[in-house]
J.: 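Submitted below is the structure of interest, expressed as C-alpha cells.
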2 protein chains.
Amino acid sequence: MLNKTRGRPRGNPDTKARIAEAARELFLAHGYKGTTVRAVAAAASVDSALISYHFGSKQGLFGQSLNLLCVESTALDQALQGDQAGLADRLLTSVTSLWDATEPTENRMALQDADTMRAFRDYLESELLVRIAEFLGGPDATERATAAVGVIGGLIFTRYLNPIRSIAALPSAEVRRIFGPALRAALHARVRQR
Amino acid sequence: MLNKTRGRPRGNPDTKARIAEAARELFLAHGYKGTTVRAVAAAASVDSALISYHFGSKQGLFGQSLNLLCVESTALDQALQGDQAGLADRLLTSVTSLWDATEPTENRMALQDADTMRAFRDYLESELLVRIAEFLGGPDATERATAAVGVIGGLIFTRYLNPIRSIAALPSAEVRRIFGPALRAALHARVRQR
DNA sequence: CGCAATATTCAACTGTGCTGAATAAAACGC
DNA sequence: GCGTTTTATTCAGCACAGTTGAATATTGCG
C-alpha cells in the first residue's frame with residue numbers, strides 16, 4: 001500500500017505500541033463499529049495485515065488498546081469511613097467524581113467489549129458489594145449491600161455506560177439529590193419480613 | 001437466489017412480518033453483529049434485498065423487529081394502573097416477569113453490542129421514563145421518575161445484561177423484597193430542597 | 001557467518017450491507 | 001374492464017470489511 005519496502009524494518013520501532021495508540025484514539029472517537037482496521041492501520045502508517053499479526057483480530061486490538069481499568073479505590077476507602085448517615089452521599093460523590101473525571105467524550109463505549117464488561121462485573125460483586133456489606137454489618141447486611149450495588153450499578157450504567165440523557169445531564173449535586181433517597185433506602189431500610 | 005419467480009407474488013402474504021419475526025429470533029439468539037442480513041433473509045425464505053426495501057437498513061430491521069418485544073410490555077400498562085402505594089412492587093414484578101420469560105440460555109450476552117445498548121437506552125428514556133412521570137404527576141414527577149428509571153435500569157443491568165451473581169440468583173419475590181425500598185424511595189420520596 | 005525467528009508489505013479471498021435494474025402482481029382511476 | 005401507477009419481489013453486482021498466505025527484509029542467536 002504505502003511502498004515502505006517489504007520485510008522487517010531497520011531498528012526496532014515499537015510499531016505495536018504505535019498501532020495500539022492510534023487504535024485507542026480512533027475507538028474512543030468513533031466507537032467500535034465506526035473504526036475500521038484499515039483506518040487504524042492508515043493512522044499508524046502501517047499495513048492493515050499487521051494488526052491481525054500483532055493483535056490477532058479487531059476484537060483483540062480493541063481489548064488490548066483499551067486497558068482502561070475502571071476504578072481506583074481510594075475514593076471508595078474514603079466513602080467507607082465515618083457515620084452511616086452520610087454514607088449514601090459519600091458513595092454517590094465517589095462514584096460521580098471518579099467517573100466524571102474520565103475523559104470528556106464517550107470513552108464509555110469501552111464497556112461494549114465482553115472482557116471489560118466482565119471486569120466491571122467482577123468489581124461490583126467482589127469489591128464493592130463485600131466492602132459495603134462489611135461496613136454495614138448487622139443482619140441483612142448482605143441484602144442491603146446487594147440493593148445498594150444494584151442502585152449504584154444502575155447509576156453507573158444509566159449515566160456513564162449507556163447514558164440516558166436525563167441522567168447523564170445531571171450535575172453531580174443533582175445526582176446526590178435525586179438518587180440519595182433510593183440509595184439511603186437500599187442501605188438502611190429495614191427489609192420486610194421474608 | 002431461490003428461483004422464486006421475480007416480481008410481486010400472488011395474494012398478499014405479509015412478508016414483512018415474517019421477516020421481522022425471523023429477525024427477532026436471530027437477533028435474540030446471536031446478537032446484532034452475529035446476525036447477518038442474508039441469514040435473516042434465508043430464514044424468511046426471501047431475497048436479502050427485500051429487507052433493505054422494507055426496513056431501510058439492518059439498523060432499521062433491528063429496531064423494528066425488537067420493538068415488538070419491548071412494546072410487548074402490556075405488563076407495564078398493568079403496572080401503571082392502580083394505587084401509588086403498590087406501584088413499586090408492580091413495576092418490579094413486570095420487569096422480572098418480562099425478562100425472566102426470555103429464553104433460558106444466555107441470550108443476554110447478545111445484549112452486549114452497541115446497537116442493542118442503544119435500543120435499550122431509547123426504551124428507557126423515551127418509553128419508561130415518560131410514562132412513569134405521567135403516572136406520578138405533581139411537582140418533581142420527572143425527577144422522581146428519573147431516579148426510578150435509574151433503579152430499574154440498574155436492576156436490569158446487574159441482573160440480566162451483565163449479571164452479577166448475587167443479584168441474578170435472586171428469585172423474583174426476593175427481588176421485590178430487596179429492591180422494593182429503594183424503588184419506593186425513588187418514586188415517592190420528597191426530594192430534598194434544591 | 002549461517003540460519004531460524006520476527007516484522008513487515010502485498011495480493012487476494014470471503015463475506016457483509018446495500019443499490020439499481022428488471023419484473024410481476026396489485027390497486028386505482030375512468 | 002382496461003391502462004396506468006404503485007408496490008413487492010428477485011437478480012446481479014458494487015464497495016468495503018476483516019482476515020489470510022506468500023514474499024521479503026531485518027534482527028538475534030549459536
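Lettering follows sequence order; numbering is per chain, from 1.
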J.: Check the phosphate of C/dT8 against A/Thr15, side-chain N and O only, distance under 4.0 Å to OP1 or OP2. Yes or no?
T.: yes
J.: In whole angstrom, give the distance that lies between atom NZ of B/Lys4 and atom P of C/dT23.
T.: 19 Å
J.: Applying the side chain to side chain contact (heavy atoms under 4.5 Å, CB included) test to B/Leu91, which of B/Thr96, B/Ile152, B/Val151 qualifies?
T.: B/Ile152
J.: May I ask you to verify whether the side chain of B/Arg38 and the base of C/dG17 hold a donor-acceptor pair under 3.5 Å?
T.: yes
J.: If you assign A/Leu50 and B/Tyr53 each to the DNA chain C nucleotide with the nearest heavy atom, which residue ends up on the more 5' nucleotide?
T.: A/Leu50
J.: B/Arg6: which residues meet the side chain to side chain donor-acceptor pair (under 3.5 Å) condition with it, sequence neighbours left out?
T.: none
J.: Find the distance A/Arg8:CZ to C/dC3:C1' and express it as a whole number of Å.
T.: 14 Å
J.: Please say whether the positively charged group of B/Lys16, taken as NZ for Lys or CZ for Arg, lies over the ring of B/Phe55, i.e. under 6.0 angstrom from the six-membered ring centre and within 45 degrees of the axis.
T.: yes
J.: In terms of the nearest nucleotide of DNA chain C, which residue is placed more toward the 5' end: B/Pro9 or B/Gly56?
T.: B/Gly56
J.: Taking CD1 from A/Ile19 and C1' from D/dG18, how many angstroms apart are they, rounded to a whole number?
T.: 15 Å
J.: Strictly below 4.0 Å: does B/Asn12 bring a side-chain N or O up to OP1 or OP2 of C/dA27?
T.: yes
J.: Under 3.5 Å, side chain of B/Arg144 to main-chain N/O of B/Pro139, donor-acceptor pair present?
T.: yes
J.: By nearest nucleotide on DNA chain D, pick out whichever of A/Ala49 and A/Thr36 is the more 5' one.
T.: A/Thr36
J.: Whether B/Glu174 and B/Arg177 form a salt bridge (side-chain N of Lys/Arg under 4.0 Å from carboxylate O of Asp/Glu) is what I want to check.
T.: yes
J.: Just how far, in rounded Å, is C1' of C/dT9 from CZ of A/Arg6?
T.: 5 Å
J.: If only side-chain N and O atoms of B/His54 are considered, is one of them under 4.0 Å from the OP1 or OP2 phosphate oxygen of D/dT7?
T.: no
J.: Could you tell me how far apart A/Ile51 (CD1) and D/dT20 (P) are, to the nearest whole angstrom?
T.: 11 Å
J.: In whole Å, I'd like the distance from the CG atom of B/Asp14 to the C1' atom of C/dA26.
T.: 15 Å
J.: From NZ of B/Lys33 over to P of C/dG17, roughly how many Å is that when rounded to an integer?
T.: 12 Å
J.: Rounded to whole angstroms, how far apart are CZ on B/Phe62 and P on C/dT16?
T.: 18 Å
